[in-house]
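First comes the structure, then the notes that go with it.
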Protein chains: 4
Amino acid sequence: MKRNKPKFRQIIDAAVVVIAENGYHQAQVSKIAKQAGVADGTIYLYFKNKEDILISLFQEKMGVFIEIIEEKIEGKDSAAEKLLMLVENHFKLLSEDHHLAIVTQLELRQSNKELRLKINEVLKGYLMLIDRILIEGIEKGEFSGSLDIRLARQMIFGTIDETVTSWVMNDLKFDLPSQAEKVHRLLICGCGK
Amino acid sequence: MKRNKPKFRQIIDAAVVVIAENGYHQAQVSKIAKQAGVADGTIYLYFKNKEDILISLFQEKMGVFIEIIEEKIEGKDSAAEKLLMLVENHFKLLSEDHHLAIVTQLELRQSNKELRLKINEVLKGYLMLIDRILIEGIEKGEFSGSLDIRLARQMIFGTIDETVTSWVMNDLKFDLPSQAEKVHRLLICGCGK
Amino acid sequence: MKRNKPKFRQIIDAAVVVIAENGYHQAQVSKIAKQAGVADGTIYLYFKNKEDILISLFQEKMGVFIEIIEEKIEGKDSAAEKLLMLVENHFKLLSEDHHLAIVTQLELRQSNKELRLKINEVLKGYLMLIDRILIEGIEKGEFSGSLDIRLARQMIFGTIDETVTSWVMNDLKFDLPSQAEKVHRLLICGCGK
Amino acid sequence: MKRNKPKFRQIIDAAVVVIAENGYHQAQVSKIAKQAGVADGTIYLYFKNKEDILISLFQEKMGVFIEIIEEKIEGKDSAAEKLLMLVENHFKLLSEDHHLAIVTQLELRQSNKELRLKINEVLKGYLMLIDRILIEGIEKGEFSGSLDIRLARQMIFGTIDETVTSWVMNDLKFDLPSQAEKVHRLLICGCGK
DNA sequence: AATGAATGAGTATTCATTCAT
DNA sequence: TATGAATGAATACTCATTCAT
């Protein structure tokens, strides 16, 4: 299994660095290979083509993402607390890895539609996690029974994503994790009183 | 002034069609010229370069967007009503122009960071419109006094944007304008009871 | 029509020179462009791709070949005389253009099967010319009535081709046209007495 | 001596299969190794490089070819009969091994000039066999005394080769050995009456 | 003897932009 | 104004060969 060999992760980590520092369109395979400390050809022993590097990158990183967040929300009793954990850790994980934040929020979105559809496939796991929290919240009576799950999920993900993107676009200037509580409050209570 | 000459809009409209039908990376200048019924070189009498076409496209379309929405909210008394008008018309305008929806939600996001920063510049007018509604809502006591304007704006824009993108990605299948009221309720009241 | 523009022939002639002097596998498009005195991209205004240059090359040169030979045999009364003209001019035309001889006998044969099939398509015109001579010879009673046209054509073409290839492989040392009469005699009378 | 070890022939036979089924340019060393049931590196214990495989392949196969034909013509009294034996067995041997026919007539000719010169070196043995038959025919008075040996040899080899190539190119459709007698007659008597 | 993971050189093609007419 | 022929920079991927085990 290629995915477990050290060079697989080595190349993916190199790709994150190269894309973050040079931009998507300046991230040539040869640059990634150099950063990973392998020959150009070695890349193709572990990945089918350049696109495969990017999909695998997203799969690996998003996989860890989902895993960690699932772990954090496990012990929590209320859906609201779980949502807070999700927002907090989403912000925390990305603020701890600036390169990854730049890659996921800015650079990878420049990829073509085909690649973006595959990335969306990976994202589905995360969106389903949000859905589970929403359903639990409704069942427990924490959230409104008339909630449209899809729209609520789009609000949650859209708000988180827009906040992170805005943070990245503003050159990572403000402190992201400290926004989690306020964002959480907005998602639960909205703008109203 | 180039912007008022017929060929200026002719080329921009051609660009929308070509990008929507071929995708961002298959929207060559020569294709846009052909669609517009002019020679390749003529493009450069009206636009500095290809990027300038895309920025102008966004400026023109977003300008109309803001204008119409401002008009619609003018007479409304409450901030909540104004927000509803904004969501409703945002959805309505895009659902009336599928080509434009595809271009703004999917294709134009594939542009490089530099171009996206310039697009964000144009977006600021729209975001300031949201800010004005929020401030009015706080001042009138409709919205929570402790609202973080920036975060609230990011929630509103993020939610609207995510909803539209999801609609476009699902091949424009569901009815977008009919979601406005529910989205509005979510933005005002959140997920909670 | 691209085929009539001067650059079309200019590029083909450059290809003959470059392939003859560098070999098929060292005949890069950029080398051909340089030899033709045009930019790399200009090649693609006149040819679909590299393969298209080679096919067009063969078509153009073989077209001239067939045309000239048809002209030469026109006035001849007997099939035997016509066959002599064919051999003589085949040898003469190639011995007058060493570059072309090298390209058709050695270099172009290194192309892949697909390209060779297309080249064979072009060759058919020449083989049909041979067939017409054979049929006339049989009808006029010059050639044996029991002649198998296909085999006879294969003998004629095979013998001519092998002779030319051998001449090219021996570095064009001996005088090719002077062999025509002897080759002609062999084709008519065979090895026997 | 490498040539006598089983893996030497094993690799050569694998090469014939792989080249025949995949084409010259798709016959990678790794594919040949896999077909032969050895590791890539093992190839290089038996052959200097890839070219060496192809030359050895040709040497081995052509060696058997010459051996068998020499055996067949040994007892024959006349040069004409010997020539018939040569044509017949040339056709028979190749029609019995389609893979080999494809490799020698089509695929190996795509090799570069250098390799083809080396292959010609191997062919010389076969051409000398033809020469010996021709000389015997002249001495015995069967063939014309004024025969140019080189040209006659080129006619014989060129005709046989063109016939086989044509057979391979027509997907081995017609029966090759049954053409031998007619080809033989053509070579002895030519097209004339 | 045998393995197979690693190497790294080499090239066709696209397309935004220019400028002579 | 308008044209469109010409330009030329820039890059992913393959595969013969090696060598540590």
Side-chain angles (χ1 to χ4, degrees), chain A residues 2 5-8 10-11 25-34 36-54, chain B residues 2 5-7 11 25-34 36-54, chain C residues 2 5-7 10-11 25-34 36-54, chain D residues 2 5-8 11 25-34 36-54:
Chain A
K2 303 269 186 203
K5 298 201 180 170
K7 281 195 181 150
F8 181 84
Q10 200 173 320
I11 291 167
H25 289 293
Q26 278 308 305
Q28 294 87 349
V29 171
S30 62
K31 240 181 225 165
I32 295 172
K34 200 171 185 183
V38 300
D40 292 19
T42 306
I43 299 265
Y44 293 88
L45 296 176
Y46 294 89
F47 300 91
K48 222 170 67 243
N49 49 34
K50 188 179 178 181
E51 189 179 80
D52 191 29
I53 306 177
L54 305 175
Chain B
K2 303 273 186 195
K5 299 207 178 166
K7 280 192 183 160
I11 291 167
H25 290 293
Q26 279 307 306
Q28 294 87 352
V29 171
S30 62
K31 236 180 228 165
I32 295 172
K34 199 172 186 183
V38 300
D40 294 17
T42 306
I43 298 267
Y44 291 86
L45 299 174
Y46 294 88
F47 299 90
K48 218 168 73 241
N49 49 35
K50 188 180 180 181
E51 189 178 83
D52 190 29
I53 306 176
L54 304 176
Chain C
K2 304 271 185 201
K5 297 198 178 170
K7 283 195 180 151
Q10 200 173 319
I11 291 166
H25 290 292
Q26 279 307 305
Q28 294 87 349
V29 171
S30 62
K31 237 180 226 165
I32 295 172
K34 199 171 186 182
V38 300
D40 292 18
T42 306
I43 300 265
Y44 293 87
L45 297 175
Y46 294 89
F47 300 90
K48 220 168 69 242
N49 49 35
K50 189 179 178 182
E51 188 179 82
D52 190 31
I53 307 176
L54 305 175
Chain D
K2 305 272 187 196
K5 299 206 179 169
K7 281 194 180 156
F8 181 84
I11 291 167
H25 289 293
Q26 279 307 304
Q28 293 86 352
V29 171
S30 62
K31 237 180 226 163
I32 295 172
K34 198 172 186 183
V38 300
D40 293 20
T42 306
I43 298 266
Y44 292 87
L45 299 174
Y46 294 89
F47 299 90
K48 218 168 72 242
N49 49 34
K50 187 179 180 181
E51 191 178 80
D52 190 30
I53 307 175
L54 304 175

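Keep in mind that what you see is a predicted model, and the values were worked out from it rather than measured. Note on naming: letters A, B, ... go to the chains in the order of the sequence lines (proteins, then strands), and numbering restarts at 1 for each one.
Between the P atom of E/dT3 and the OH atom of D/Y46 lies a distance of 9 Å, rounded to the nearest Å. One atom, CD1 of A/I43, and another, P of F/dT14, lie 13 Å apart when rounded to the nearest Å. Distance, A/K34 NZ to F/dT11 P: 14 Å, rounded to whole Å. The distance from atom CD1 of A/I11 to atom P of F/dC13 is 14 Å, rounded to the nearest whole Å.
Scored by the ring-ring contact (aromatic ring centres under 6.0 Å, His included) test, A/F47 finds A/F8 as partners (sequence neighbours excluded). C/Q10 is linked by a side-chain contact (heavy atoms from CB on, under 4.5 Å) to C/K7, C/V38, counting only residues two or more places apart in sequence or in another chain. For A/K34, there are no side-chain contact (heavy atoms from CB on, under 4.5 Å) partners at least two apart in sequence or on another chain. Here C/K31 pairs with C/Q28 under the side chain to side chain donor-acceptor pair (under 3.5 Å) rule; sequence neighbours left out.
Within the 4.0 Å cut-off from OP1 or OP2 of E/dA2, at least one side-chain nitrogen or oxygen of D/K7 is found. Put simply, C/K31 has no side-chain N or O that comes within less than 4.0 Å of OP1 or OP2 on E/dT11.
Residue-to-nucleotide proximity on DNA chain F shows that, of B/V38 and C/A39, the 5′-proximal contact is made by B/V38.
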Return a single string for nucleotides 13-21 of chain E, one symbol per nucleotide in 5' to 3' order, where B is base contact, S is sugar-phosphate-only contact and - is none, cutoff 4.0 angstrom on heavy atoms. BBSSBB---
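In terms of heavy atoms, C/N49 sits closest to C/Y44 at CA-CE2, 3.9 Å.
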Dot-bracket for DNA chain F, 5' to 3', with Watson-Crick and G-U pairs under 3.5 Å, [ ] for crossing pairs and | for other-strand pairs: what is it? .||||||||||||||||||||
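Rounding to the nearest 0.5 Å places CD1 of B/I11 at 4.0 Å from CD1 of B/I43.
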